[in-house]
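Residues: numbered from 1 along the sequence shown.
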Amino acid sequence: MTKINFMQTCALLGVLLLTACSSQPDYRAANGRGYGYSEQKISDNYYRVIFKSAGADSGKAKAYALRRAAELTAAQGYDWFAVVDKETLLEREQNNAGHAGAGYQHTTVQDCSLLTCRSRTVTRPEYEVGISSGGRDQVEAVLEIRMGKGVMPDSGRVYPAGSGQ
């Protein structure tokens with residue numbers, strides 16, 4: 001825990017708010033284990049498409065997973081895809097985002113001369129601010145898709161290939 005004064009606290013909170021507001025675009029390829037889309041090839045025309053996003057908006061994650069599935073289907077030269085299986089996972093971290101406090105610090109000071117030592121207690125105000133990373137939700141939409149060519153089957157789980165734009 002770092003002890004800082006009130007002005008430093010305000011400046012730090014302002015920087016954190018600006019940083020949080022300037023995030024990356026939602027729809028993008030995932031870097032490693034980060035947020036965005038990724039896919040795994042299971043067979044020539046069977047893929048698992050995953051979209052992971054910050055927050056608890058499962059509808060947005062599902063829509064982005066479908067968008068990526070449509071793009072992938074077109075890129076592989078297929079005309080349509082069927083959602084064979086789907087799953088949505090919501091992970092919620094409960095954590096205090098931060099806290100602030102004030103109190104008094106008591107310090108014992110010794111003044112020593114050649115013959116004696118005298119002790120006294122010094123009391124000073126103390127301010128603390130603690131900030132932790134955490135307290136955020138993340139959602140992951142997982143689709144298993146089968147790609148096909150030709151006439152699109154008449155089903156509610158079949159979608160045309162496309163660029164997703």
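Across all non-hydrogen atoms, the minimal contact from A30 to G36 is CB-C, 3.9 Å. Closest approach of A70 and P160 over heavy atoms only: CB-O, 3.9 Å. Between S58 and T88, the shortest heavy-atom contact is CB-CG2, 3.8 Å. Across every non-hydrogen atom of V158 and A82, the tightest pair is CG2-CB, 3.9 Å. Residues G55 and L90 come closest through the heavy atom pair O-CD1, 4.2 Å.
Considering NZ of K86 and CZ of R157, their distance stands at 5.0 Å, rounded to 0.5 Å. In this structure, NZ on K149 lies 10.0 Å from CD on Q76, to the nearest 0.5 angstrom. In this structure, CD on E144 lies 9.0 Å from CD on Q40, to the nearest 0.5 angstrom.
By the 4.5 Å heavy-atom criterion applied to side chains, L89 and E91 are not counted as neighbours.
Checked against Y37 for a ring-ring contact (aromatic ring centres under 6.0 Å, His included), the options Y64, Y27, F51 give a single hit: Y27.
With a 4.5 Å cut-off between side-chain heavy atoms of Ile, Leu, Val, Met, Phe, Trp and Tyr, the cluster of I42 takes in Y46, V84. Other cluster members for Y47: V49, L66, L72, Y78, F81, V83, L143, I145, M147, Y159, joined by side-chain heavy-atom distances under 4.5 Å among Ile, Leu, Val, Met, Phe, Trp and Tyr.
In this structure E39 satisfies the salt bridge (charged side-chain N to carboxylate O under 4.0 Å, His left out) test together with R68, sequence neighbours excluded.
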